[in-house]
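In what follows, every chain begins at residue 1, and chains take the letters A, B, ... in the order their sequences are listed.
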2 protein chains.
Amino acid sequence: MTGPTPAKPRVRDAEATQKRIMIAAKKEFARSGLGGSRVDDIAERAKANKRMIYHYFESKELLFQRVLEEAYTDIRSAERKLELDHLDAKSALEKLVRFTWKYYLDNPEFITLVNSENLHKAKHLKKSEVIHVVSRRLIDMVSGILDRGVSEGVFRENIDPVQLNITIAAISYYYLTNRFTGSIVFERDLMATEALEQRIAFNIETILRMVCKIND
Amino acid sequence: MTGPTPAKPRVRDAEATQKRIMIAAKKEFARSGLGGSRVDDIAERAKANKRMIYHYFESKELLFQRVLEEAYTDIRSAERKLELDHLDAKSALEKLVRFTWKYYLDNPEFITLVNSENLHKAKHLKKSEVIHVVSRRLIDMVSGILDRGVSEGVFRENIDPVQLNITIAAISYYYLTNRFTGSIVFERDLMATEALEQRIAFNIETILRMVCKIND
DNA sequence: CGGCGATGTAACGCTTCGGTTATTTAACGC
DNA sequence: GCGTTAAATAACCGAAGCGTTACATCGCCG
């Protein structure tokens with residue numbers, strides 16, 4: 001990707017400018033949503049000119065679509081790198097739950113982008129081509145773990161992989177996206193270190209008790 | 001509140017106007033978020049004048065705060081009307097899970113308002129006085145059910161009522177707030193009647209398996 | 001080395017939006 | 001009925017905000 005001439009410093013670099021715009025846009029969209037973000041702010045943050053945004057991305061909405069697509073392909077690609085196949089089913093599932101939690105925690109912009117997209121009834125994601133390919137692989141992964149768990153005799157039968165997938169995401173996603181109102185409603189700092197540790201432990205237990213035949 | 005003269009029809013009715021503004025604002029804020037909503041649109045929808053909004057509510061933000069507060073007191077008051085005390089612990093918990101699901105389903109604006117507030121880091125809810133009172137009652141309610149379940153010998157001990165509360169909300173909330181992107185990612189209509197029935201069943205099972213000592 | 005497309009800058013235009021001012025009109029006590 | 005106060009309207013203002021236009025400059029290839 002860096003090309004055959006990495007030593008040659010280019011003053012004008014189309015690729016680098018686009019990347020800076022994407023990174024800046026992701027941050028801005030995550031901070032303020034699609035409607036709340038300002039194109040001028042994105043340009044400034046990207047150390048680029050507003051004209052460049054329209055040159056490379058055509059419109060604010062198309063830029064948002066690109067950012068959103070990248071966010072989805074990024075998380076799906078990280079999931080695939082987990083290499084869960086060589087683990088026993090229970091360990092694989094626990095690792096997936098842990099991964100999901102940590103990914104949301106480390107990449108809070110993913111959550112905000114998805115929230116913003118749902119406020120717009122997924123009109124941008126609808127136009128995306130790649131989304132189906134990467135999504136199917138995730139479902140297949142969970143489906144595979146479930147099947148393996150049944151063969152091993154540790155998981156219950158006939159669990160819908162989609163429902164499980166949604167639940168794994170839900171228990172981490174909700175906690176983190178609503179951390180501000182949640183900290184007020186429940187009168188405790190949900191982002192304190194011990195609170196976070198307590199939550200991931202609770203989440204693992206929730207999922208394992210859901211799928212496992214026997215619970216200690 | 002209606003006063004001693006309910007039969008007398010008043011052309012100018014401060015109370016009614018304020019109520020119309022609140023209802024209109026709730027719809028608009030739910031549809032577009034705080035940033036995406038337009039004060040003019042709220043005024044039009046309320047069949048009032050923009051000046052009236054500023055007269056009664058001072059600013060767009062304070063109007064949002066009032067709408068948000070009302071949304072919270074509404075759901076908490078509905079929860080209290082459930083009368084779960086006379087039920088056995090397991091039935092009470094199942095009823096609460098069903099209620100939460102149905103409430104989010106019937107009042108989608110609650111979810112969008114909370115999302116919008118979290119995008120703003122709960123700056124409006126922070127200023128609210130009533131929120132703590134109504135929230136504490138919810139936690140006490142779940143805490144009571146858990147205690148009763150332990151006495152009855154059906155629930156496990158030492159389950160954190162706050163974590164359980166969060167999880168009950170999460171598994172319904174996430175499914176519904178992300179129904180648009182979810183329907184694309186999972187390639188099925190998450191809002192189809194059978195899909196909704198499947199989900200509530202899955203959610204009840206998730207919660208009961210989490211707290212119950214023995215699962216069939 | 002010269003021209004041409006790709007990369008970049010700056011300033012502007014037209015609309016929208018939150019909030020205000022000026023003005024009108026209904027209700028109600030006296 | 002009449003004057004005062006509260007309720008309501010409409011026209012307006014300044015600031016943003018998205019997107020464009022006009023203009024400059026770099027790099028590359030013939």
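Proximity of A:T17 to the phosphate of C:dG8: a side-chain N or O atom is located under 4.0 Å from OP1 or OP2. Here B:H55 reaches the OP1 or OP2 of D:dA7: one of its side-chain N or O atoms lies under 4.0 Å away. An OP1 or OP2 oxygen of D:dA8 is reached within less than 4.0 angstrom by a side-chain nitrogen or oxygen of B:Y56.
In this structure a side-chain-to-backbone donor-acceptor pair under 3.5 Å is present from A:S183 to A:L190.
For A:Y175 and A:Y104, the distance between ring centers is not under 6.0 angstrom. Checked against the 6.0 Å centroid threshold, A:F57 and A:F64 do not count as a close aromatic pair.
When each of B:V134, B:L84, B:D74, B:L138 is checked for a side chain to side chain contact (heavy atoms under 4.5 Å, CB included) with B:E79, only B:L138 meets the rule.
The nearest whole Å value for the distance from the CD atom in B:E28 to the C1' atom in C:dG18 is 15 Å. Rounded to whole angstrom, the span from the CE atom of A:M52 across to the P atom of D:dG19 amounts to 16 Å. Regarding A:I53, its CD1 atom lies at a distance of 13 Å from the C1' atom of C:dG8, rounded to whole Å. Protein atom NZ of B:K60 is 8 Å distant from nucleotide atom P of C:dG19, rounded to whole Å. One atom, CZ of A:F64, and another, P of D:dC18, lie 14 Å apart when rounded to the nearest Å.
No contact: A:F57 has no heavy atom under 4.0 Å from any strand.
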Requested in this report: Any chance you could lay out the side chain to side chain contact (heavy atoms under 4.5 Å, CB included) test for A:W101 and A:I171, step after step, and finish with the verdict?
Outcome: CA-CA 9 Å; A:W101 169 259; A:I171 55 183; over 6 Å; no

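Residues from residues 29-44 of chain A placing a heavy atom under 4.0 Å of any atom in DNA chain D, listed by number, are A:S37, A:R38, A:V39, A:D40.
Taking OG1 of A:T167 as the start and CZ of B:R199 as the end, the distance is 3.5 Å to the nearest 0.5 Å.
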Are any protein N/O atoms closer than 3.5 Å to N/O atoms in nucleotides 20-22 of chain D? If there are, list each pair with its distance.
none

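Contact check on B:R38 versus B:E44 returns no salt bridge, with no Lys/Arg side-chain nitrogen under 4.0 Å from an Asp/Glu carboxylate oxygen.
Here the closest heavy-atom approach between residue B:A48 and residue B:R20 is recorded as CB-NH2, 4.3 Å.
Relative orientation of the A:H120 and A:H124 rings is perpendicular, given thresholds of 30° and 60° on the angle between their planes.
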